[in-house]
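Encoded as structure tokens, the structure appears first; notes follow it.
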Amino acid sequence: MNIGYGKKKRWIFVGIFLVVSVQLVMRAANDIRNKEVFGQTLYESVFGYSIQTISPMIPYVNGDWTQGSITEKVWQLFYGELPLGMCVFNSIDSNFIVEDYMQEDNEIIKAVVDENREAAIKQSDSDNSIDTKFSDENTIEMGINPDANMDIGLTLEDAVLAENTVETGSFVPVRSPVAVYSRQQLVEPGFIKKTFYAEDATTYIREDQLDYNTLMGFDATVKQDNSNVQILIYHTHSQETYIDSIPGDSSTSIVGVGEHLSEILRTQYGFNVLHHTGEYDVESRDYAYSNAAIGLEKVLAENPTIEVMIDLHRDETNPNTKLVTTIQDKTMAKFMFFNGLCYTRALGSLTNLPNPYVQDNISFAFQMQLAAEEHYPGLTRRIYLKGYRYNLHYRSKSLLIELGSQTNTVEEAMNSCEPLAHIIAMILNGENKENMTTQP
């Protein structure tokens with residue numbers, strides 16, 4: 001029987017398809033026998049393995065080549081030397097947004113750190129440190145905005161700090177930026193808005209408010225004299241708690257986290273911090289900001305030297321959302337800076353709730369956000385913009401911070417205070433201006 005060339009090609013294709021299908025189904029069946037959730041397993045086994053077969057990037061998402069399948073071995077053979085910049089994602093949420101990054105304990109990153117350390121030692125006679133940056137082709141799309149291309153640098157200093165952290169178990173501030181945005185990116189207000197901000201539907205921020213020179217031109221430094229109170233930390237919503245907070249024990253609520261942050265700023269960075277523990281939302285949250293205003297005015301009248309005001313909150317999120325990341329082997333709650341614009345789409349400028357410091361507040365939070373993204377990528381969420389005032393009008397250097405959510409543990413929130421305090425100190429000491437990007 002003479003079979004035409006076209007039919008032969010068709011039968012060859014069908015044969016290949018059947019072989020691949022049988023292999024995937026058998027693998028799925030094997031996995032299903034060893035797992036409880038049928039739907040999830042079917043998705044992971046059939047759809048997940050199919051994606052791995054097509055894309056070499058997927059096996060790197062979890063940093064795992066250990067299953068030893070033929071497919072993974074083939075991809076490892078051809079793609080095992082991919083640059084670290086294409087391998088640092090640890091997990092991706094349902095909206096395909098990077099939620100976390102692999103940390104120093106990952107074998108792939110350890111190898112790169114070791115390699116950089118050795119190279120730096122060899123060059124130590126001519127240079128004190130080495131800054132290994134990936135080329136433009138190898139930059140990664142980071143954080144909350146897929147279009148935010150950054151260069152990643154691993155210095156000898158950072159490698160040593162990471163090693164010290166592992167040995168002592170204590171947090172070591174990251175002294176050199178590990179992620180840098182180019183000047184060309186940051187001079188575009190559209191890029192800044194898309195990368196660093198989440199705008200509530202009720203309000204709107206103008207492009208001129210996001211001018212890079214204006215944002216970075218704001219003087220956020222504080223006086224070096226700490227003989228008087230410099231920073232006020234308070235809680236408009238003092239009753240906010242975490243998933244394992246002990247009822248009635250304020251040390252396990254947002255108030256306890258505020259005290260921990262205050263103590264780090266005092267002892268490690270030398271600031272004079274007043275932690276105000278007034279309660280303004282016990283009966284109802286409806287008038288918490290109005291109630292807090294009365295208490296704040298009294299505190300400010302008694303301590304006129306206060307330059308920085310931080311309203312520390314805990315966010316409320318979807319019960320299935322977990323705002324966590326891992327830094328230096330510690331699980332930390334992600335946090336978010338918040339700005340009130342005194343402007344709504346429905347009412348325009350809120351002249352009855354004036355804030356002469358709106359632009360200063362925006363600039364202050366932006367400098368914090370940029371420093372956080374450069375030194376601790378993935379630790380912050382985008383700055384949230386909303387329409388009202390939120391008592392940010394008392395000082396030009398006023399912040400509202402949402403630290404974690406109700407699904408975080410107290411320990412995760414406490415852990416985040418270490419990098420948060422470092423970020424605050426960098427801005428108040430002007431260190432962020434020293435590290436300010438000069439890239440073209």
Among Arg314, Lys322, Lys334, which residue meets the salt bridge (charged side-chain N to carboxylate O under 4.0 Å, His left out) test with Glu412?
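Answer to the salt bridge (charged side-chain N to carboxylate O under 4.0 Å, His left out) test with Glu412 among Arg314, Lys322, Lys334: Lys322.
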Would you call the rings of Phe366 and Tyr197 parallel, tilted or perpendicular if under 30° counts as parallel and over 60° as perpendicular?
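Ring orientation, 0 to 90° scale: parallel.
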With a 4.5 Å limit on heavy-atom distance, are the side chains of [X] and [Y] in contact?
X      : Y      : value
Val308 : Leu399 : no
Tyr242 : Leu403 : yes
Met332 : Phe171 : yes
Ile362 : Leu215 : yes
Phe271 : Val222 : yes
His375 : Met426 : yes
Met216 : Asn432 : yes
Arg395 : Tyr357 : no

Rounded to the nearest 0.5 Å, what's the gap from [atom1] on [X] to [atom2] on [Y]? Could you check?
X      : Y      : atom1 : atom2 : value
Glu188 : Asp211 : CD    : CG    : 10.5 Å
Ser262 : Ile233 : OG    : CD1   : 3.5 Å
Asn415 : Leu420 : CG    : CG    : 12.5 Å
Phe218 : Asn361 : CZ    : CG    : 7.5 Å

Sequence neighbours left out, what passes salt bridge (Lys or Arg N to Asp or Glu O under 4.0 Å) with Glu302? Give chain and number order.
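Counting only residues at least two positions away or on another chain, Glu302 forms a salt bridge (Lys or Arg N to Asp or Glu O under 4.0 Å) with Lys298.
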Ion pair Arg266/Glu259, N-O distance below 4.0 Å:
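Yes, charged N to carboxylate O under 4.0 Å.
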Would you call Glu240-Arg285 a salt bridge at under 4.0 Å N-O?
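Counted as a salt bridge, because a side-chain N and a carboxylate O are separated by less than 4.0 Å.
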Atom OH of Tyr394 with >12 non-hydrogen neighbours under 6.0 angstrom:
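Yes, OH of Tyr394 has more than 12 neighbouring heavy atoms, counting only those of other groups under 6.0 Å.
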Is it the case that over 12 heavy atoms from other parts of the model lie below 6.0 angstrom from the CD atom of Glu411?
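Check fails, neighbour count at 12 or below.
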Can you tell me if Gln209 uses its side chain to pair, donor with acceptor, with the backbone of Ser363 under 3.5 Å?
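No.
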Which side-chain N or O atoms in residues 288-296 pair as donor and acceptor under 3.5 Å with protein atoms at least two apart or in another chain?
residue : atom : partner : partner atom : Å
Asn291  : ND2  : Tyr280  : O            : 3.4
Asn291  : ND2  : Tyr287  : O            : 3.1

Return yes if a side-chain donor-acceptor contact under 3.5 Å exists between [X] and [Y], otherwise no.
X      : Y      : value
Asn391 : Asp311 : no
Asp200 : Thr202 : yes
Glu373 : Thr380 : yes

Given the rule in the side chain to side chain contact (heavy atoms under 4.5 Å, CB included) test, do Phe196 and Tyr181 qualify, once you have shown the distances and angles that lead to the verdict?
CA-CA 12 Å; Phe196 298 106; Tyr181 291 90; 3.7 Å; yes
Start with the C-alpha distance between Arg382 and Thr195, add both sets of side-chain angles, then the distance that settles side chain to side chain contact (heavy atoms under 4.5 Å, CB included), and finish with yes or no.
CA-CA 8 Å; Arg382 283 183 289 179; Thr195 305; over 6 Å; no
For the student: nearest non-hydrogen atoms of Ala333 and Ser416, plus distance:
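Smallest heavy-atom distance, with atoms named: O-OG, 2.5 Å.
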Run the salt bridge (charged side-chain N to carboxylate O under 4.0 Å, His left out) check on Lys223 and Asp225 step by step: do they pass?
CA-CA 5 Å; Lys223 298 172 183 176; Asp225 179 14; over 6 Å; no
Taking the six-membered ring for Trp, is the centroid-to-centroid distance between His235 and His275 below 6.0 Å?
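Ring centres of His275 and His235 closer than 6.0 Å.
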Taking it one step at a time, do Thr331 and Thr409 satisfy side chain to side chain contact (heavy atoms under 4.5 Å, CB included)?
CA-CA 10 Å; Thr331 304; Thr409 65; over 6 Å; no
Listed pairs under 3.5 Å, donor-acceptor, residues 344-352 side chains, sequence neighbours left out:
residue : atom : partner : partner atom : Å
Thr344  : OG1  : Leu347  : N            : 2.9
Arg345  : NE   : Ala201  : O            : 3.3
Arg345  : NE   : Thr203  : O            : 3.1
Arg345  : NH2  : Thr203  : O            : 3.4

Name the one of Lys397, Met368, Lys433 that satisfies side chain to side chain contact (heavy atoms under 4.5 Å, CB included) with Ile427?
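Exactly one candidate clears the test, Met368.
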Could you walk me through whether Asn272 and Ser227 pass side chain to side chain contact (heavy atoms under 4.5 Å, CB included), step by step?
CA-CA 7 Å; Asn272 190 327; Ser227 58; over 6 Å; no
